[in-house]
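Because only heavy atoms are used, hydrogens play no part in the values below, and waters and symmetry mates are left out as well, while side chains stay in. Computed from a predicted structure; not experimentally measured.
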Amino acid sequence: MERFARLAAELVGVPVALVSLVEPVRQVFPGMVGLADPWAESRQTPLTHSLCQHVVAEEKPLVLTDAREDARTCASLAIPDLGVVGYAGMPLTDGDGHVLGSLCAIDTEPRQWTQQELVLLEDLAAACSAELRLRIVSRQREHAYGVAAASARRYRSALDRSQLLLNAAASLSETTVLAEVRQTVRDLVISDLKPVYVGLVLVENARKGRLRRLVDETGSAPMERAHETYGLDSGWPTARAARENRTITVADEAELRRDYAPEAVEAFNSLGLSSAVCVPLPGTVVPLGTLVLGWDEAHEIDIVEQALLAALAGYTARAVERALFVENRVTAARQMQEAMLTDLPEIEGMELAALYRPAAATDLVGGDWYDAYPLPGADQGGEDSTAPDVMAVSIGDITGHDLRAATLMGQVRSMLRQADLDHPGGGPARAVGAFEHANTRLDIGASGTLVHAHLRPCPAPQEASWELTWTNAGHPPRP
């Protein structure tokens, strides 16, 4: 409990954090950090000094910028005696959903809580609730069986699994790719729960009722590719878990054959499974999908493991939402970037080709570009010039690997074209100089490198050859 209080204080940057359990006439603090005496020594206060009682009474989070300005709390003695002003409390629940108390962060000054801070507190409260449930279950079993040794083993296991949840909160918060989410969940549960298979199934289209299995690209589970998409109303236990928003267990193959579709049985056997559990990934309105764990032997899911898996599914769901958001944003940025690239013109006597692809396995976009376009010849006197065409070609890179760099790239590309057209016969150096003048005077802020060149067909008797004039603005040489 001390660890949860310390983590809450450190993660959101407050002087006081409490794990508070509310009783009929008092609140007690099994976990606390930053509280002054005499409250720190007694580890309790009467309810006259409790804001957490409102979390329990209302069964929902209580977030206050200034407790002195809220009608529910303005008269509380916690304000003058404990220095409570800014307050954010998240419910702590038992296995039946009853609110036992609050994991709260307290500031001595008015505090505008950010969405990220509230999400962190909510995640910590979920892990703390799981720990409380584990303690409740451990006490009940110790009382029921009276076996101290067995109780100690269960308690150690509970601590290990609580650590798993804390690790999950930290590890999954750093993931931004769906494949990385799956691998992180697998790494987290493999040593403690020892499943032989960990998979993710996502709701691809809730309106059309479609599910998509996240395929392991290593090919270790061919059934994922064979059954990559299927209906939300289909006879799979994973579909049922998402459809009914509840954990579904498969005790053995006989149960699977009795209650589910033949293809589910086929997939189950191809993975060498004897039992499985499918946990819905909670979403804002409907589940995002299903987390599935499978074992090659009988595996009974008790209440402790159910709480653990539910909390883990919550962390996984948030990571999936973040990965989907990043994936959609990157896809949109790439499409925008590609839309700004040139369709190569058709020039008599010249073959043009371009290759543009992302570097390595990155999700970033950037300001790299190429361009090619015809210009009037050097002897031109306007649009009616009969001089041979000049071919302008560019390769460049705007500084940065983000959406701003891609946007600037589109501006630079257009401005360089305009500079070329406005300075006929001036050559590539003059066009680049004119662009840089506009870039500086208009404070566009574009920086980077480029090679800009003009290709001119040579007159007779060298009609089959071209003359190249080029300027290099810091672009690295290539063989």
Asks: Can you check whether V292's main-chain N or O pairs, donor with acceptor, with T290's side chain at less than 3.5 Å?
Replies: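 Looks like no, no N/O pair under 3.5 Å.
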Asks: Please tell me if the side chains of P61 and P91 come closer than 4.5 Å, counting only heavy atoms from C-beta onward.
Replies: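 The answer is yes; the side chains approach within 4.5 Å.
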Asks: Measure the shortest side-chain to side-chain distance between L309 and T247 over non-hydrogen atoms and say whether it is less than 4.5 angstrom.
Replies: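 Answer no - side chains too far apart.
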Asks: Is atom CG of D343 surrounded by more than 12 heavy atoms (other residues, nucleotides or ligands) closer than 6.0 Å?
Replies: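 It does not: D343 CG has 12 such atoms or fewer within range.
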Asks: For P195, check side-chain contact (heavy atoms from CB on, under 4.5 Å) against everything at least two apart and list the hits.
Replies: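 For P195 the side-chain contact (heavy atoms from CB on, under 4.5 Å) partners, ignoring immediate neighbours, are V189, I190, L193, V198, L293, W295.
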Asks: Is a salt bridge present between R43 and E2, judged by a nitrogen-to-oxygen distance below 4.0 Å?
Replies: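 A salt bridge links R43 with E2.
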Asks: Between L178 and L200, is any pair of side-chain heavy atoms under 4.5 Å apart?
Replies: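 Contact flag for L178/L200 side chains = no.
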Asks: Measuring from atom OG of S129 to atom CZ of F4, what distance do you get when rounded to the nearest 0.5 angstrom?
Replies: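 CZ of F4 is found 8.5 Å from OG of S129.
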Asks: Specify the closest pair of heavy atoms between V84 and A67, including all atoms of both residues, with the distance to one decimal.
Replies: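 It is O-CB, 4.4 Å.
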Asks: Is there a side-chain contact between R213 and M223 in this structure, where contact means two heavy atoms from C-beta onward sitting under 4.5 Å apart?
Replies: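 Answer yes - side chains close enough.
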Asks: Could you give all pairs that pass the ring pair (Phe, Tyr, Trp, His ring centres under 6.0 Å) test and reach residues 77-112, with sequence neighbours left out?
Replies: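 Sorted result for residues 77-112: empty, none.
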Asks: Closer than 3.5 angstrom, by distance alone: can the side chain of S20 be matched with the main-chain N or O of Q27 as a donor-acceptor pair?
Replies: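 Here the side-chain-to-backbone pair does not exist.
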Asks: Does a side-chain heavy-atom distance below 4.5 Å link E321 with L324?
Replies: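 No, every pair of side-chain atoms sits at 4.5 Å or beyond.
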Asks: Taking all atoms of both residues into account, what is the closest heavy-atom pair of M409 and I398, and its distance?
Replies: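 Smallest heavy-atom distance, with atoms named: CA-CG1, 3.8 Å.
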Asks: Applying side-chain contact (heavy atoms from CB on, under 4.5 Å), can you list everything that pairs with V196, at least two apart in sequence or on another chain?
Replies: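 Testing V196 for side-chain contact (heavy atoms from CB on, under 4.5 Å), a comparison that skips the adjacent residues, returns L273, D296.
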Asks: What's the spacing between L100 CG and T93 OG1 if we round to 0.5 Å?
Replies: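 Nearest 0.5 Å value for the CG-OG1 distance: 7.0 Å.
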Asks: Give a yes or no on this: more than 12 heavy atoms of other residues, nucleotides or ligands lie within 6.0 Å of atom CG of L118.
Replies: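 Check passes, neighbour count above 12.
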Asks: What verdict does the side chain to side chain contact (heavy atoms under 4.5 Å, CB included) test give for V22 and L47, after you've listed the backbone C-alpha separation in whole Å, the side-chain angles of each residue and the deciding distance to 0.1 Å?
Replies: CA-CA 8 Å; V22 178; L47 293 185; 4.0 Å; yes
Asks: Measuring only between side-chain heavy atoms, which start at C-beta, is V14 closer than 4.5 Å to W113?
Replies: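 In short, these two side chains touch, coming nearer than 4.5 Å.
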Asks: Locate the shortest heavy-atom distance separating A8 from L103; write the atom from each residue and the value.
Replies: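 Taking every non-hydrogen atom into account, CB-CD1, 4.4 Å.
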Asks: Might you point out which heavy atoms bring L288 and A317 nearest each other, and give the distance in Å?
Replies: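 That would be CD1-O, 3.5 Å.
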Asks: Shortest non-hydrogen contact from G231 to L211?
Replies: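 Closest approach of G231 to L211, heavy atoms only: O-CD1, 4.1 Å.
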Asks: Near R404 CZ, under 6.0 Å, is it more than 12 heavy atoms from other residues, nucleotides or ligands?
Replies: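 Open.
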Asks: As a quick check of understanding, evaluate side chain to side chain contact (heavy atoms under 4.5 Å, CB included) for M1 and C128, giving each step before the final call.
Replies: CA-CA 7 Å; M1 298 295 105; C128 190; 4.0 Å; yes
Asks: Check whether any side-chain N or O of S414 sits under 3.5 Å from a backbone N or O of G410 as a donor-acceptor pair, and report yes or no.
Replies: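 Yes; judged by distance alone, with no hydrogens or angles, the pair exists.
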Asks: Using only atom types and a distance under 3.5 Å, with no angle test, would you say the side chain of T73 pairs donor to acceptor with the backbone of L51?
Replies: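 No; judged by distance alone, with no hydrogens or angles, the pair does not exist.
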Asks: Rounded to the nearest 0.5 Å, how far does CD of Q116 lie from CG of L121?
Replies: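 Nearest 0.5 Å value for the CG-CD distance: 11.0 Å.
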Asks: Who are the salt bridge (charged side-chain N to carboxylate O under 4.0 Å, His left out) partners of E228, not counting sequence neighbours?
Replies: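 In terms of salt bridge (charged side-chain N to carboxylate O under 4.0 Å, His left out), with neighbours along the sequence ignored, E228 is linked to R225.
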Asks: In plain terms, say whether R111 and E117 are close enough for a salt bridge, that is, a side-chain N and a carboxylate O under 4.0 Å apart.
Replies: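 Yes, charged N to carboxylate O under 4.0 Å.
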Asks: Decide side chain to side chain contact (heavy atoms under 4.5 Å, CB included) for L188 and Y315; before the verdict, give the C-alpha distance in whole Å, the side-chain angles of both, and the deciding distance to 0.1 Å.
Replies: CA-CA 12 Å; L188 285 167; Y315 291 132; over 6 Å; no
Asks: Rounded at 0.5 Å granularity, tell me how far NE2 in H54 sits from CG in L64.
Replies: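 Result: 8.5 Å between the selected atoms.
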Asks: Do E266 and H227 have side-chain N/O donor and acceptor atoms under 3.5 Å apart?
Replies: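 Their side chains do not contain a donor-acceptor pair, so the 3.5 Å distance test is not met.
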Asks: Looking at every heavy atom in both E255 and Y260, which two are closest together, and how far apart are they?
Replies: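 Of all heavy-atom pairs spanning E255 and Y260, the closest is O-CD1, 4.2 Å.
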Asks: Could you pull out all residues at least two apart from T65 that satisfy side chain to side chain donor-acceptor pair (under 3.5 Å)?
Replies: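 For T65, no residue satisfies side chain to side chain donor-acceptor pair (under 3.5 Å) once neighbours in sequence are set aside.
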Asks: As an exercise, state the distance from CD of E58 to CD of Q53, rounded to the nearest 0.5 Å.
Replies: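 Between atom CD of E58 and atom CD of Q53 there are 10.0 Å.
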Asks: Are any side-chain N or O atoms of R182 and backbone N or O atoms of L214, one a donor and one an acceptor, separated by less than 3.5 Å?
Replies: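 Indeed, once roles are kept as given, a pair shorter than 3.5 Å links the two residues.
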Asks: Where do Y230 and E263 land on the side chain to side chain contact (heavy atoms under 4.5 Å, CB included) test, with the steps shown first?
Replies: CA-CA 11 Å; Y230 50 97; E263 55 267 29; over 6 Å; no
Asks: Which donor-acceptor pairs under 3.5 Å do the side chains of residues 76-83 make with protein atoms, sequence neighbours left out?
Replies:
unit_1 : atom_1 : unit_2 : atom_2 : d
S76    : OG     : T48    : O      : 3.4
S76    : OG     : A78    : N      : 3.1
D81    : OD2    : H49    : NE2    : 2.7

Asks: How long is the gap from CG on L92 to SG on C52, to the nearest 0.5 Å?
Replies: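 Separation between the atoms: 8.5 Å.
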Asks: Less than 4.5 Å apart, any side-chain heavy atom of P287 and any of L281?
Replies: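 The answer is no; the side chains never approach within 4.5 Å.
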Asks: Would you confirm whether E69, through its side chain, and D66, through its main-chain N or O, come within 3.5 Å as a donor-acceptor pair?
Replies: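 Absent.
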Asks: Would you say the side-chain atoms of S275 pair up with the backbone N or O of E297, donor to acceptor, closer than 3.5 Å?
Replies: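 Judged by distance alone, yes, a pair lies under 3.5 Å.
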Asks: Just by distance, do the side chain of E204 and the backbone of R212 share a donor-acceptor pair under 3.5 Å?
Replies: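 No.
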Asks: Kindly indicate whether the side chain of V277, heavy atoms from C-beta on, has any atom under 4.5 Å from the side chain of E305.
Replies: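 Contact flag for V277/E305 side chains = no.
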